[in-house]
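In each ligand, atom 1 is the first atom listed, and ligand 1 is the first ligand listed.
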Amino acid sequence: MPKVLIADKMDPKAAQIFRERGVEVDEITGKTPEELIAIIGEYDGLAIRSSTKVTKAILAAATNLKVIGRAGIGVDNVDIPAASAQGVVVMNTPFGNSITTAEHAIALMFALARQLPEADASTQAGKWEKNRFMGVELTSKTLGLIGAGNIGSIVADRARGLKMKVIAFDPFLSPERALELGIEKVELDDLLARADFITLHTPLTDQTRNILSAEALAKTKKGVRIVNCARGGLIDEAALKAGLDSGHIGGAALDVFVEEPAKASPLFGTPNFVSTPHLGASTTEAQVNVAIQVAEQMADFLVAGGVTNALNMPSLSAEEAPRLKPYMALAEKLGSLVGQLTHGAIARISVHAEGAAAELNQKPIVAAVLAGFLRTQTDTVNMVNAPLLAKERGIEVREVRTEREGDYHTLLRVSVKTDAGERSVAGTLFGDSAPRVVELFGIKVEADLAGHMLYVVNEDAPGFIGRLGTLLGTAGVNIGTFHLGRRSAGGEAVLLLSIDDAVTPELLAQVRALPGVKTAMGLAF
Ligand SMILES: NC(=O)C1=CN([C@@H]2O[C@H](COP(=O)(O)OP(=O)(O)OC[C@H]3O[C@@H](n4cnc5c(N)ncnc54)[C@H](O)[C@@H]3O)[C@@H](O)[C@H]2O)C=CC1
Ligand SMILES: O=C(O)C(=O)COP(=O)(O)O
């Protein structure tokens, strides 16, 4: 009988469903990482919320683990590349708590507009300070959304009901979707200059980290009120404190912090600062939703092999699985590669199958490309919703087949069209099972895309590889594999290195400073 550990507080419905479906379950919450490492080896499944951090060390001890189920949305507490490398499926419940979280953002907006927490404390202290508290109306104010996905869209809907004017910065929001939501799509600087209230609803990614930096906060309208119910790290907390102290920022409400649990913060006690302890998803309704959903999905997987809402594995039927599986792994990797290497609005993604690949069902292959691609923008994408999400984002998806073989017996090519033109990557399967990228933006390479990688484009010149090797060696970075390709002798060359740990910003800065380097990026698969 499969065995699941529920490691964070969850509605009792989760344990009930596991038992009903023939899964043994232990509920042991509040463990330290060391305590978790000591027991995780016995479990096939791990059900969590945001408190448990599923690190490489925990995964290394999880020798029987097959599935991690996140009863909620954000999976930034799970090392997904490490889980994928270990073949552990990671699932979330993308919609169960979105209404609740949107409502919390609206609640915090009201709390700021009318200084509710401070007025409450003062009144209950017997002060009756009727003249101290003067609020503002929400009606007719401009709300700036940073991120207009599931939660952001619900906030927009509620805010429009409150007669607010809603503007949004979300590079992946299509003009059609903005129109449908009744909101105006704007650039970040425009939003900063115009918004009376700002709420954040993006995942924490390299692009969104510190999106409200000191510089961005300085561009806001005087008196702006800011709400963050998404992830700590989207706002520079020190700059927020300075802005509140100077009076430039009229109020701020944080549900999430860079360090959680946040038991101390320079922000605590600051006038017009409101905080809650990551309560965005904490309503009875949302917790019942996510508990039921996560237990059903995990039980389905452990008992029957069904895959739903997986972040690192395509959904599949039993018959198609054996032939399609390696193609989908290749498709995800190629999608993720172009997603990580492409910035800005995408007009079109084309998936071209050549040779043996052209004989297969293209739907799951195309969905896997899109899931890999969109995962660089949102935590909530999977094979099922990737095509829909692409459509919502105004991305045209093209499917092309050529049954005739080219240089390879089987080939998948993924092309992305942006304002800057169309670029493509291509990959094949070695031995019909091992995915390899064989072409990167017109340059022939041959590489396995796995774990953490360093991607460098440089001018092909003698001595460069030696200098890079020395730099990495000095920085204590261990190289697993090393792949090299070039357009022409003395032209542009590309290097793909697999390394043991994530590329740090410091390392990237050093690589970028090497003579001849045109681009350097950290990639993760
Ligand atoms: N406080 C809490 O308890 C909860 C927090 N959350 C968090 O809320 C956040 C949003 O969740 P959902 O709306 O469900 O996710 P979603 O994936 O549906 O939406 C995220 C949106 O952010 C946009 N985005 C991505 N990169 C961006 C960038 N660089 N600039 C601007 N926009 C960007 C995406 O295009 C997408 O539309 C997640 O981080 C999630 O973890 C979710 C539930 C509860
Ligand atoms: O679903 C999410 O992304 C959340 O942040 C909710 O977190 P929680 O499950 O309440 O710890």
Side-chain angles (χ1 to χ4, degrees), residues 7-11 14 29 47-53 69-78 92-105 107-108 144-156 168-174 177-178 181 183 185-188 191 198-212 216 227-234 253-257 260-261 275-283 286-287 289-291 293-294 311 339 343-346 374-382 385-386 388-390 392-395:
D8 288 329
K9 178 133 184 46
M10 223 165 269
D11 188 273
T29 58
I48 54 162
R49 285 176 56 194
S50 63
S51 302
T52 299
K53 313 284 174 243
R70 196 317 190 194
I73 297 172
V75 283
D76 45 328
N77 51 329
V78 180
N92 70 351
T93 60
F95 310 107
N97 65 23
S98 7
I99 291 177
T100 277
T101 307
E103 287 186 359
H104 197 57
L108 290 175
L145 296 175
I146 300 183
N150 291 318
I151 297 175
S153 310
I154 301 169
V155 171
F169 168 65
D170 185 330
F172 311 106
L173 175 72
S174 69
R177 177 78 180 141
L181 292 171
I183 66 184
K185 181 178 161 147
V186 297
E187 290 305 320
L188 183 58
L191 180 146
I198 296 176
T199 62
L200 293 130
H201 303 286
T202 68
L204 183 65
T205 65
D206 287 345
Q207 279 75 42
T208 60
R209 192 181 306 279
N210 254 340
I211 192 159
L212 289 187
V227 172
N228 185 6
C229 282
R231 279 295 175 270
L234 298 177
L254 298 190
D255 183 48
V256 285
F257 291 81
E260 291 186 15
S275 66
T276 48
H278 202 143
L279 291 185
S282 296
T283 63
Q287 286 313 310
N289 283 346
V290 297
Q293 206 182 334
V294 86
L311 295 147
H343 297 289
I346 314 306
L374 291 167
R375 187 141 318 121
T376 55
Q377 301 166 8
T378 164
D379 282 341
T380 54
V381 66
N382 57 39
N385 64 11
L388 197 71
L389 259 179
E392 270 181 18
R393 281 155 199 241
I395 302 174

Roughly how far, to the nearest 0.5 Å, is OG1 of Thr202 from CG of Leu204?
7.5 Å
Where Leu374 and Arg393 come nearest, the two heavy atoms and their spacing
CD2-CD, 4.0 Å
What's the shortest heavy-atom distance between Gln293 and Pro94, and which atoms?
NE2-CD, 4.2 Å
Could you verify whether a donor N or O on one side chain and an acceptor N or O on the other, from Thr52 and Asp8, lie under 3.5 Å apart?
yes
Looking only at heavy atoms, is any part of Leu173 under 4.0 Å from ligand 1, and if so is it the side chain, the backbone, or both, or is it neither?
neither
Between Leu311 and Val75, is a side-chain contact (heavy atoms from CB on, under 4.5 Å) present by the stated rule, with each step listed?
CA-CA 9 Å; Leu311 295 147; Val75 283; 3.5 Å; yes
Quick one: which ligand 1 atoms are inside 4.0 Å of a heavy atom on Thr378?
16 (P), 17 (O)
Measuring only between side-chain heavy atoms, which start at C-beta, is Val227 closer than 4.5 Å to Ile198?
no
N/O of Gly149 under 3.5 Å from N/O of ligand 1, yes or no?
yes
Would you check if the side chain of Lys185 reaches a backbone N or O of Leu173 as a donor-acceptor pair within less than 3.5 Å?
yes
Can Gly72 be said to touch ligand 1, with heavy atoms closer than 4.0 Å?
no
Between Ser98 and ligand 1, find which residue part has any heavy-atom pair under 4.0 Å and reply side chain, backbone, both or neither.
neither
Residue by residue, ordered by chain and number, which ones reach under 4.0 Å of ligand 2 with a heavy atom?
Arg49, Ser50, Arg70, Ala71, Gly72, Ile73, Gly74, Asn97, Arg231, His278, Ala281
When you measure from atom 9 (C) of ligand 1 to each heavy atom in Thr202, Ile154, Thr100, which option holds the nearest one?
Thr202
Output the list of atoms in ligand 1 that are nearer than 4.0 Å to some heavy atom of Asp255, sorted by atom number.
1 (N), 2 (C), 3 (O)
Run the side-chain contact (heavy atoms from CB on, under 4.5 Å) check on Arg49 and Val290 step by step: do they pass?
CA-CA 10 Å; Arg49 285 176 56 194; Val290 297; 5.7 Å; no
My understanding is that only one of Lys53, Arg231, Arg70 makes a salt bridge (charged side-chain N to carboxylate O under 4.0 Å, His left out) with Asp76; could you say which?
Arg231
Please evaluate residues Asn210 and Leu234 with respect to the criterion side-chain contact (heavy atoms from CB on, under 4.5 Å), reporting the C-alpha separation (whole Å), side-chain torsions for both, the decisive distance (0.1 Å), and the verdict.
CA-CA 4 Å; Asn210 254 340; Leu234 298 177; over 6 Å; no
Under 3.5 Å: N/O of Ile73 near N/O of ligand 1
no
Within a distance under 4.0 Å of any heavy atom of Gln207, pick out the atoms of ligand 1 and give their elements.
29 (N)
Determine, using heavy atoms of Arg393 and all atoms of ligand 1, whether some pair is separated by less than 4.0 Å.
yes
If we set the cut-off at 4.0 Å for heavy atoms, which region of Phe95 has an atom near ligand 1: side chain, backbone, both, or neither?
neither
Contact summary for Ala281 and Asn97, nearest pair of heavy atoms
CB-ND2, 3.4 Å
In terms of atom number and element, which parts of ligand 1 are under 4.0 angstrom from non-hydrogen atoms of Gly74?
41 (O)
Is there a nitrogen or oxygen of Cys229 sitting under 3.5 Å from a nitrogen or oxygen of ligand 1?
yes
Indicate whether the side chain of His278 and that of Thr276 have a donor and an acceptor atom separated by less than 3.5 Å.
no
With heavy atoms only and a cut-off of under 4.0 Å, state how Asn150 meets ligand 1: side chain, backbone, both or neither.
both
As an exercise, identify every atom of ligand 1 less than 4.0 angstrom from a heavy atom of Pro203.
20 (C), 22 (O), 39 (O)
Closest contact, heavy atoms only, Cys229 versus Leu108
SG-CD1, 3.8 Å
Please list, in number order, the atoms of ligand 1 under 4.0 Å from a heavy atom of Ala148.
37 (O)
Under 4.0 Å from one or more heavy atoms of Ala230, ligand 1 contributes atoms 5 (C), 7 (C), 8 (O), 9 (C)
N/O of Ile151 under 3.5 Å from N/O of ligand 1, yes or no?
yes
Using a 4.0 Å cutoff against the non-hydrogen atoms of Arg231, which atoms of ligand 1 qualify?
5 (C), 6 (N), 7 (C), 39 (O), 41 (O)
Return yes or no for this condition: an N or O of Thr208 is under 3.5 Å from an N or O of ligand 1.
no
Which heavy atom of Phe95 sits nearest a heavy atom of Asn150, and at what distance?
CE2-ND2, 3.2 Å
Side chains of Glu260 and Pro277 in contact at under 4.5 Å (non-hydrogen atoms)
no
Could you tell me whether some N/O pair between Asp170 and ligand 1 is separated by less than 3.5 angstrom?
yes
Trace of the side-chain contact (heavy atoms from CB on, under 4.5 Å) decision for Ile146 with Ile211:
CA-CA 9 Å; Ile146 300 183; Ile211 192 159; 3.9 Å; yes
Are any of the N/O atoms on His278, whether in the backbone or the side chain, positioned under 3.5 angstrom from an N/O atom of ligand 1?
yes
Does a donor on one side chain and an acceptor on the other come within less than 3.5 Å for Thr208 and Thr205?
yes
